[in-house]
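Just so it is clear, the model here is predicted, and its values are computed rather than measured. These numbers come from the heavy atoms of this one structure, side chains and all, not from hydrogens, waters or symmetry mates.
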Amino acid sequence: MSADGGADDADDIEVRDPISAPDADGTPRRTTRRFPLFTKDTARPEGGGRAAPSDAPAPARQWPVLVVCGLVAVGLLVTALDVFRAGTLLIGSALLLGAVLRWALPSVGMLAVRSRFTDMVTYGVLGGAIVLLALMAQPHPVLTIPFLNDALHFTVDN
């Protein structure tokens, strides 16, 4: 309070709640570590920058995701042409390649969806599972796991 009974300039700031603070203009602004109710922007994932300079054409900037998607498309085409094992091996290998690219390159463009670790684990586990299932597919499996046959006979009675 000043001598004339009025409020000082500093006291003119309205405080709405205990955690509001004045911003640069002196108006109260809520400062909290909570996320806002409505998100206005999304953080780019780590390594989500362009894989080529910004003056390069769009396909060159996003070549890692185009390579992975292209190999998956070829694998789906091969599978549709009735070469099941080779097509699914190609699909699984494409996902494993995505995991390797995510690990090896600093910027992979749209191949980066989450954190680097989560992307590598996701691509690696899915690609590995598809490759293993393709190798164990009937008829004439390339890979035979004995305990799976026993587990199947245990669960299915004749």
Side-chain angles (χ1 to χ4, degrees), residues 16-21 23-24 27-158:
R16 293 180 284 184
D17 53 295
I19 57 172
S20 66
D23 62 5
T27 57
R29 180 174 165 254
R30 184 172 173 88
T31 56
T32 179
R33 292 180 7 182
R34 285 191 200 175
F35 288 107
L37 184 60
F38 299 105
T39 305
K40 295 180 180 165
D41 196 9
T42 307
R44 177 182 285 170
E46 170 192 351
R50 296 181 180 104
S54 61
D55 58 345
R61 291 192 307 261
Q62 297 298 331
W63 70 266
V65 74
L66 291 175
V67 167
V68 172
C69 288
L71 285 174
V72 168
V74 170
L76 288 171
L77 179 66
V78 169
T79 303
L81 295 174
D82 213 19
V83 188
F84 174 76
R85 192 181 317 270
T88 52
L89 281 173
L90 192 56
I91 293 169
S93 300
L95 289 173
L96 291 173
L97 175 67
V100 170
L101 288 174
R102 188 70 174 100
W103 172 73
L105 299 176
S107 294
V108 289
M110 289 176 22
L111 192 62
V113 179
R114 298 157 294 267
S115 69
R116 178 170 275 128
F117 175 78
T118 305
D119 282 342
M120 287 178 2
V121 169
T122 303
Y123 294 140
V125 168
L126 289 175
I130 291 172
V131 166
L132 283 177
L133 289 172
L135 292 174
M136 294 187 308
Q138 296 291 337
H140 313 297
V142 176
L143 179 66
T144 305
I145 301 178
F147 72 85
L148 290 179
N149 196 18
D150 296 335
L152 180 65
H153 288 281
F154 179 72
T155 58
V156 177
D157 290 329
N158 287 332

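Not counting sequence neighbours, Val100 has no partner by the side-chain contact (heavy atoms from CB on, under 4.5 Å) test. For Ser107, the side-chain hydrogen bond (donor to acceptor under 3.5 Å, both in side chains) criterion is met by no residue, not counting sequence neighbours. Remark: Val78 pairs with Val74, Val83, Ala86 by the side-chain contact (heavy atoms from CB on, under 4.5 Å) rule, at least two apart or across chains.
Pairing each heavy atom of Ala94 with each of Val72, the nearest pair is CB-CG2, 3.7 Å. Of all heavy-atom pairs spanning Thr79 and Gly87, the tightest one is OG1-CA, 3.2 Å. For the residue pair Val108 and Gln62, the shortest heavy atom distance occurs at O-OE1, 4.3 Å.
Distance check: Leu96 CG to Leu101 CG gives 11.0 Å after rounding to the nearest 0.5 Å. One distance of note links CG of Leu111 with OH of Tyr123; it measures 4.0 Å at 0.5 Å rounding.
Between Cys69 and the choices Val67, Leu71, Val65, the side-chain contact (heavy atoms from CB on, under 4.5 Å) rule is met once, by Val65.
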Residues 124-144, side-chain donor-acceptor partners within the protein, below 3.5 Å, at least two apart:
none

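Remark: the backbone N or O of Ala112 is not paired with any side-chain donor or acceptor of Asp119 at under 3.5 angstrom. Counting only distance, with no hydrogens or angles, the side chain of Arg116 and the backbone of Arg102 share a donor-acceptor pair below 3.5 Å.
Annotation: Met110, atom CE; neighbour count of heavy atoms from other residues, nucleotides and ligands within 6.0 Å does not exceed 12.
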